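Keep in mind that this is a model prediction, so the values were computed, not measured. Letters A, B, ... mirror the listed sequences (proteins, then strands); counts begin at 1. Reckoned from all heavy atoms, side chains included, excluding hydrogens, waters and symmetry mates.
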Amino acid sequence: MRKVITVFMTMALAAGPAFPAGATEIAEILSNPDEWAGRDIEVTGELIGDFGRHSGAFWLQMNDGPYANNPLLETGLLLGSNVGITLRVPPELFEQIAAVEQPGGYRWRGPLVHAIGEFRYHDPDRTGETYIAVTGLELVEPGYHLPSEATGPWGAIGVILAAVAGWVLLQHARQRRRERRLED
Amino acid sequence: MLIRPQASDLKLISFQLGRVLYVVGIAGVIPLIWALADRDWHSASSFIFMIGLALAIAASVERFRPRDEHAGWHHGMVTVALVWLAVPALGAIPLALSRHYGRVLDAYFDAMSGVTTTGLALIQDLDHLAPSINVWRSALQFLGGQGIVLAALMFFGGGGVLALYHGEARDERIFPSVGSTARFIWSVSLFHAAFGITALWVVGSFVLGFDPFRSLFHAITIFMSAFDTGGFAPMSTSIGYYHSITYEAVIGVLMVAGALSFGAHYALWRGPRNLLRNLEARAILITFAGTLLIAFVGLAATGLYTDSFSLARQGLFQILSAHTGTGFATVQPTDLVLWSGLAFGGITLAMSFGGMGSSTAGGVKALRIGLTVRSLWNLIKEALLPEGTVISERYWQSTAKVMRPELAQSVMTISLLYVGLYMLGAAVGIAYGVPLQQAMFESVSAAANVGLSVGVVDPGMPVLLEVVYLLQMWIGRLEFVAVFALIGFAVTWVIGE
């Protein structure tokens with residue numbers, strides 16, 4: 001069962017709606033970075049890879065491309081490359097999610113989160129890195145296991161092939177020994 | 001009259017090819033263990049199939065073992081050209097079975113990109129890929145960078161090794177025998193592996209705060225791709241994923257180490273002064289400084305980075321990655337496209353120059369550039385100085401050498417062939433509507449085995465363009481000669497008598 005846990009917080013404790021409707025697609029942000037630089041933006045996507053912690057914050061990759069909602073292992077659909085951006089999340093915001101979640105990866109669809117923050121494009125404070133400095137984070141859907149792929153006959157065929165190779169090599173070795181004995 | 005190859009030639013080539021396939025089978029055990037440890041039965045079965053097939057093919061050609069294993073020059077060249085087609089075909093099996101590829105050709109493209117240490121990728125949903133398959137992608141780069149044939153030589157030795165060695169675009173022997181040179185190369189690599197994996201793991205675990213096991217996974221895959229100037233990264237955002245100058249610095253050291261020839265490693269062990277006397281070392285330092293300067297000026301002109309530290313960090317990493325032929329990036333392809341004008345030109349030039357000869361880097365190579373410039377400079381001097389003036393044709397490359405006209409001609413021919421190869425890919429790209437700058441960038445990236453991309457290489461790219469890039473990677477890695485030998489072999493097979 002996919003329960004929805006909301007751990008919404010805002011760092012700035014600003015008044016008004018923290019998550020205005022409508023997240024921006026990461027691809028749109030990345031293809032027009034100048035337009036979005038320095039602006040507060042909202043993104044929704046899957047946390048994937050690792051939960052890194054350094055420089056006083058958590059560093060997470062968020063993918064909102066086609067696989068965030070349609071994991072390949074679940075749907076079998078190939079929908080192109082991943083589209084992702086880094087989120088820099090203050091510990092107090094992140095720890096509530098980290099307590100219950102792990103990032104996405106093989107056979108694991110990571111948690112879907114909704115983030116709001118400032119898009120830092122080529123941030124001089126981080127020697128030119130690009131990321132979103134998150135001020136609000138909401139868990140939209142927890143991560144879950146993806147189905148394992150069917151193994152198929154390939155392993156068995158491989159074992160047979162390896163056995164045949166071993167037998168052939170043995171025959172050759174015997175033949176060479178016979179030839180050497182005859183030569184001697 | 002062209003002489004048709006005989007059955008004995010084919011048998012010898014098949015036998016040598018078989019030996020190399022054993023190496024692929026052995027290499028496949030590493031990701032297999034990873035998959036089994038991960039309880040990833042699907043990937044494990046695909047590795048077992050690949051290993052079984054490699055061993056079966058290799059064993060089946062054992063019967064062609066000749067009494068005299070001595071192979072001629074053309075046998076070696078043809079074998080190497082075929083090896084670099086066959087190994088990606090086997091290596092593509094686990095990739096294709098992973099279901100992360102739209103077409104079998106895409107999996108073959110990625111395997112070729114791996115083996116040739118290019119790093120262009122058509123994989124889809126990389127971020128959910130099985131770790132063992134990711135390890136295999138990097139292992140392909142390690143295997144290709146170290147030299148598949150070189151690995152086979154270490155295991156099996158045998159006759160005709162020199163031709164095989166040269167066919168793989170390695171033309172220096174550090175020690176008198178190819179076998180001892182091969183052992184030296186692998187020793188240097190293992191030394192760097194110990195350093196690189198440890199350093200990356202320490203930074204990943206203690207600076208970036210990754211889980212120690214995940215950090216080891218990143219360290220192993222990144223090391224194999226960095227030291228062998230490959231460029232496959234385990235995450236879709238490449239090195240930009242880590243957001244760490246320290247991590248980038250370690251990777252930078254590994255990329256430079258990979259772009260040095262193993263002769264240069266040997267010279268470095270004996271003292272850096274020996275290395276800096278070499279024409280090749282001087283040439284690579286000059287081209288690196290030149291392209292870096294061009295990129296800096298270009299980047300400053302675009303105004304993409306508002307401060308000099310940002311510009312220096314991002315510019316340096318991208319140029320280092322381009323010049324060493326690695327293909328790692330700290331910026332996304334959509335961002336790289338914005339590095340227009342001079343910055344774009346600087347990266348493209350850096351990619352086209354490449355690293356040192358007999359290294360894992362691709363491109364024209366520093367020694368050829370040094371010799372070409374030297375040769376042109378002599379021509380200018382000849383025209384300007386009074387008739388009869390003696391112009392020195394000596395240069396230093398480990399020892400004092402003389403640039404004979406044949407050498408100058410061969411160097412210029414290969415350099416021109418590279419330019420032609422770059423143009424060919426660009427022309428096909430343009431024909432498909434890719435803008436000139438981007439078509440040139442992607443073509444040079446493929447032919448010089450770099451792997452930086454501005455997004456032209458994409459799972460939805462046209463098949464013909466994909467095939468052209470694939471051939472560019474293959475031809476560029478083998479530096480033409482082995483490919484020409486294979487074409488000659490095929491032609492004489494058809495029309496020879």
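Of the listed residues B/Arg313, B/Met50, B/Gln314, B/Gln332, the one with more heavy-atom pairs under 4.5 angstrom with chain A than any other is B/Arg313. Heavy-atom pairs under 4.5 Å with chain A were tallied for B/Leu55, B/Ile48, B/Asp125; the largest tally goes to B/Asp125. Heavy-atom pairs under 4.5 Å with chain A peak, among B/Val207, B/Asp127, B/Asp40, B/Asp307, at B/Asp127. The candidate with the highest count of non-hydrogen atom pairs below 4.5 Å against chain A, out of B/Ala130, B/Gly209, B/Ser215, B/Ala56, is B/Ala130. Between chain A and the options B/Ala59, B/Pro459, B/Gly102, B/Ala312, heavy-atom pairs under 4.5 Å are most frequent for B/Ala59. With chain A as partner, the option from B/Tyr241, B/Tyr242, B/Tyr101 having the largest number of non-hydrogen pairs under 4.5 angstrom is B/Tyr241.
Only the side chain of A/Tyr121 comes within contact range of chain B, judged by heavy atoms closer than 4.5 Å. With a 4.5 Å cut-off on non-hydrogen atoms, B/Leu311 does not touch chain A at all. Proximity to chain B involves both the backbone and the side chain of A/Asp50, based on heavy atoms less than 4.5 angstrom apart. The part of A/Glu46 that comes within reach of chain B is its side chain, from C-beta onward, which places non-hydrogen atoms under 4.5 angstrom from that chain. With a 4.5 Å cut-off on non-hydrogen atoms, A/Pro33 touches chain B through its side chain but not through its backbone. Only the side chain of B/His218 comes within less than 4.5 Å of a heavy atom of chain A; its backbone N, CA, C and O stay farther away. In this structure, the portion of B/Leu97 lying under 4.5 Å from any heavy atom of chain A is its side chain and not its backbone. With a 4.5 Å cut-off on non-hydrogen atoms, A/Leu73 does not touch chain B at all. Only the backbone of A/Trp108 comes within less than 4.5 Å of a heavy atom of chain B; no side-chain atom from C-beta onward does. Looking at B/Ser98, only its backbone comes within 4.5 Å of chain A, counting heavy atoms on both sides. Neither the backbone nor the side chain of A/Val164 comes within contact range of chain B, judged by heavy atoms closer than 4.5 Å.
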**OP:** For A/Ile116 and A/Ile41, run side-chain contact (heavy atoms from CB on, under 4.5 Å): C-alpha distance rounded to whole Å, both residues' side-chain angles, the deciding distance at 0.1 Å, then the answer.
**Re:** CA-CA 6 Å; A/Ile116 185 168; A/Ile41 53 174; over 6 Å; no
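Cation-pi geometry between A/Arg88 and A/Tyr131 is not met: the NZ or CZ atom fails to fall both under 6.0 Å from the ring centre and inside 45° of the normal.
Within 6.0 Å of CZ on B/Arg63 lie no more than 12 heavy atoms contributed by other residues, nucleotides or ligands.
For A/Leu60 against A/Phe51, the heavy-atom pair with the smallest separation is CD2-CD2, 3.4 Å. For A/His114 against A/Ala23, the heavy-atom pair with the smallest separation is CE1-CB, 4.0 Å. Taking all atoms of both residues into account, the shortest heavy-atom contact from A/Arg109 to A/Pro142 is NH2-O, 3.6 Å. Shortest non-hydrogen contact noted between A/Leu112 and A/Asn69 is CD1-OD1, 3.6 Å.
Note: B/Phe213 and B/Trp34 have tilted aromatic rings, judged against thresholds of 30 and 60 degrees for the angle between ring planes. Ring orientation note: the planes of B/Tyr305 and A/His122 are close to parallel, at an angle under 30° on the 30°/60° scale.
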